[in-house]
Protein chains: 2
Amino acid sequence: MKATFRDVKSDIMAKITSGEWEPGRLLPNEMDLAEIYGCARATVNRAMRELADEGVVERRRKAGTRVRMAPLRQARFSIPIVRVEIEEQNSTYRYALVSQEVAAAPQWLRARLQLAADCPVLSLTCMHYADGAPYQFEERWISLGLLPQAQEADFSEIGPNEWLVSTVPFSDAEIAFSATAATPDLADHLGCAQGAALFTVERSTWLKGEAITFVRQSFRPGHRMTSRY
Amino acid sequence: MKATFRDVKSDIMAKITSGEWEPGRLLPNEMDLAEIYGCARATVNRAMRELADEGVVERRRKAGTRVRMAPLRQARFSIPIVRVEIEEQNSTYRYALVSQEVAAAPQWLRARLQLAADCPVLSLTCMHYADGAPYQFEERWISLGLLPQAQEADFSEIGPNEWLVSTVPFSDAEIAFSATAATPDLADHLGCAQGAALFTVERSTWLKGEAITFVRQSFRPGHRMTSRY
DNA sequence: GAGTGGTCTAGACCACGTT
DNA sequence: ACGTGGTCTAGACCACTCT
């Protein structure tokens with residue numbers, strides 16, 4: 001029975017988790033491992049490449065492969081569209097546009113997105129409901145310099161998030177999670193007390209270095225974002 | 001000049017982002033792509049496997065490879081040890097143990113970790129400071145059923161997080177982000193107003209299906225957790 | 001300079017799921 | 001049944017970087 005890349009990977013992982021191969025330890029090179037496991041070097045290579053991707057080992061040409069000193073733990077979060085997130089909970093989704101206006105980008109937004117001083121932006125605020133109850137308040141700014149067609153789009157039925165995903169499916173983004181106190185306006189829309197602790201997601205998006213949009217999503221009190229790793 | 005797997009990957013990515021290959025579109029099979037790009041099938045395979053990992057395409061045997069309907073965006077967060085996080089900001093780290101006691105696991109904790117009714121746990125609370133200012137308040141519960149040696153450990157100098165990482169380096173975990181209002185106790189330790197909005201991370205950890213530990217980390221007001229993707 | 005990982009090849013067999 | 005992706009092989013050449 002020859003070893004598959006999964007066999008090699010899990011065996012090496014076991015040696016590391018059991019402490020047999022301690023942090024900093026130099027692993028045998030790929031040729032030797034291939035001989036040990038009775039498989040081709042490419043098979044070992046794939047196992048080791050995946051372990052390196054996952055942050056378990058560190059590889060450098062000539063220097064070889066070592067167990068990472070501080071095991072680098074990382075979690076992956078999928079960034080869902082609000083509608084999908086709500087529908088996956090078997091709740092009924094409802095969307096409402098609260099306000100819409102075009103104006104020059106305020107200074108704080110220009111700083112965040114590195115926008116030109118006179119760049120016009122479309123400002124939107126909207127609400128997302130789950131089973132009729134307020135779920136998320138969304139404040140959105142879209143650069144009209146890069147996406148002039150946003151001014152013609154109808155955001156009364158479809159949310160800006162979904163419009164953007166269908167218009168500009170791939171882009172670079174920076175995402176930030178934080179907690180903020182509910183302003184009077186937010187409290188009003190979300191139906192919570194002023195000052196309530198709200199989970200907040202902020203995301204800046206660029207396409208080839210040009211700023212597209214900035215969004216701040218404030219969730220109803222008690223919202224949790226979870227992941228396994 | 002033959003195509004590398006990076007060439008193939010970025011060319012296919014370009015066809016998708018440009019809209020030439022729209023969502024749902026069936027891609028040519030690996031043999032055909034290999035011929036198109038003038039490379040081996042294994043090269044195409046690696047390119048496509050990475051695109052599938054990144055959520056750009058969806059692959060199924062016999063059914064072939066399709067552009068994902070809703071491009072699945074995902075962000076990777078590395079989960080740092082508090083000390084490392086603070087030191088990376090070029091701040092001075094200080095740790096303090098606030099309280100420590102052994103007791104039977106309360107009901108809510110047993111429910112979260114699926115612990116036996118009579119399982120004793122070590123409860124710890126500690127503070128982490130950056131440049132002398134409160135940075136994070138940590139509430140930690142460690143199962144003594146699985147980790148009896150935790151009772152002997154000295155948590156007055158080294159934090160439970162670092163002790164655990166060096167004792168049980170790899171494990172399964174569930175992580176949750178949320179916002180909570182500062183309790184009087186939290187406000188006292190973090191030096192903030194009662195009811196202030198605090199960014200909170202909760203993490204449950206298992207080793208081979210057995211619960212190890214649960215931790216709630218509450219950050220000082222204004223804390224942000226960021227990532228690019 | 002020499003040893004390591006990084007990648008490609010041409011071929012093969014297999015596992016799975018659609019038809 | 002059959003076409004697709006999933007994986008393995010044995011060999012080769014290359015790129016990086018440590019000494």
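By convention in this document, chain letters (A, B, ...) are assigned in the order of the sequence lines, proteins followed by strands, and residues within each chain are numbered from 1.
An OP1 or OP2 oxygen of dG5(D) is reached within less than 4.0 angstrom by no side-chain nitrogen or oxygen of N45(B). Regarding contacts with the backbone of dG6(C), every side-chain N or O of R49(A) stays at 4.0 angstrom or more from both OP1 and OP2.
Judged by distance alone with a 3.5 Å cut-off, no donor-acceptor contact links the side chain of R60(A) to the base of dG6(C). For a distance-only test at 3.5 Å, the side chain of R41(A) qualifies as a donor-acceptor partner of the base of dG6(C).
As rounded to whole Å, 9 Å separates atom C1' of dG17(C) from atom CZ of R61(B).
With dG6(D), dT4(D), dA10(C) as the candidates, the nucleotide lying closest to the side chain of R59(B) is dG6(D). Looking at the side chain of F5(B), the nearest of the listed nucleotides dG6(D), dC8(C), dG5(C) is dC8(C). The nucleotide whose nearest atom lies closest to any side-chain atom of T43(B) is, among dT4(C), dG5(D), dT9(C), dT9(C). Comparing dG5(C), dT7(C), dC18(D) by their closest approach to the side chain of T4(B) singles out dT7(C). Taking the side chain of E30(A) as heavy atoms from C-beta on, and the options dT18(C), dG5(D), dG6(C), the nearest nucleotide is dG6(C).
When each of A42(B) and T65(A) is assigned the nucleotide of DNA chain C bearing its nearest heavy atom, the one mapping closer to the 5' terminus is T65(A). Both C39(A) and K62(A) lie near DNA chain D, and the one whose nearest nucleotide falls closer to the 5' end is C39(A).
Between T213(A) and T205(A), the side chains place no donor N or O within less than 3.5 Å of an acceptor N or O (distance only, hydrogens not considered). When only modelled atom types and interatomic distance are considered, R224(A) and S178(B) share no side-chain donor-acceptor pair under 3.5 Å.
Side-chain atoms of D7(A) come within 3.5 Å of backbone N or O of T4(A) as a donor-acceptor pair.
A cation-pi arrangement is present between R46(A) and F5(A), with the terminal nitrogen or guanidinium carbon under 6.0 Å from the aromatic centre and inside a 45° cone about the axis.
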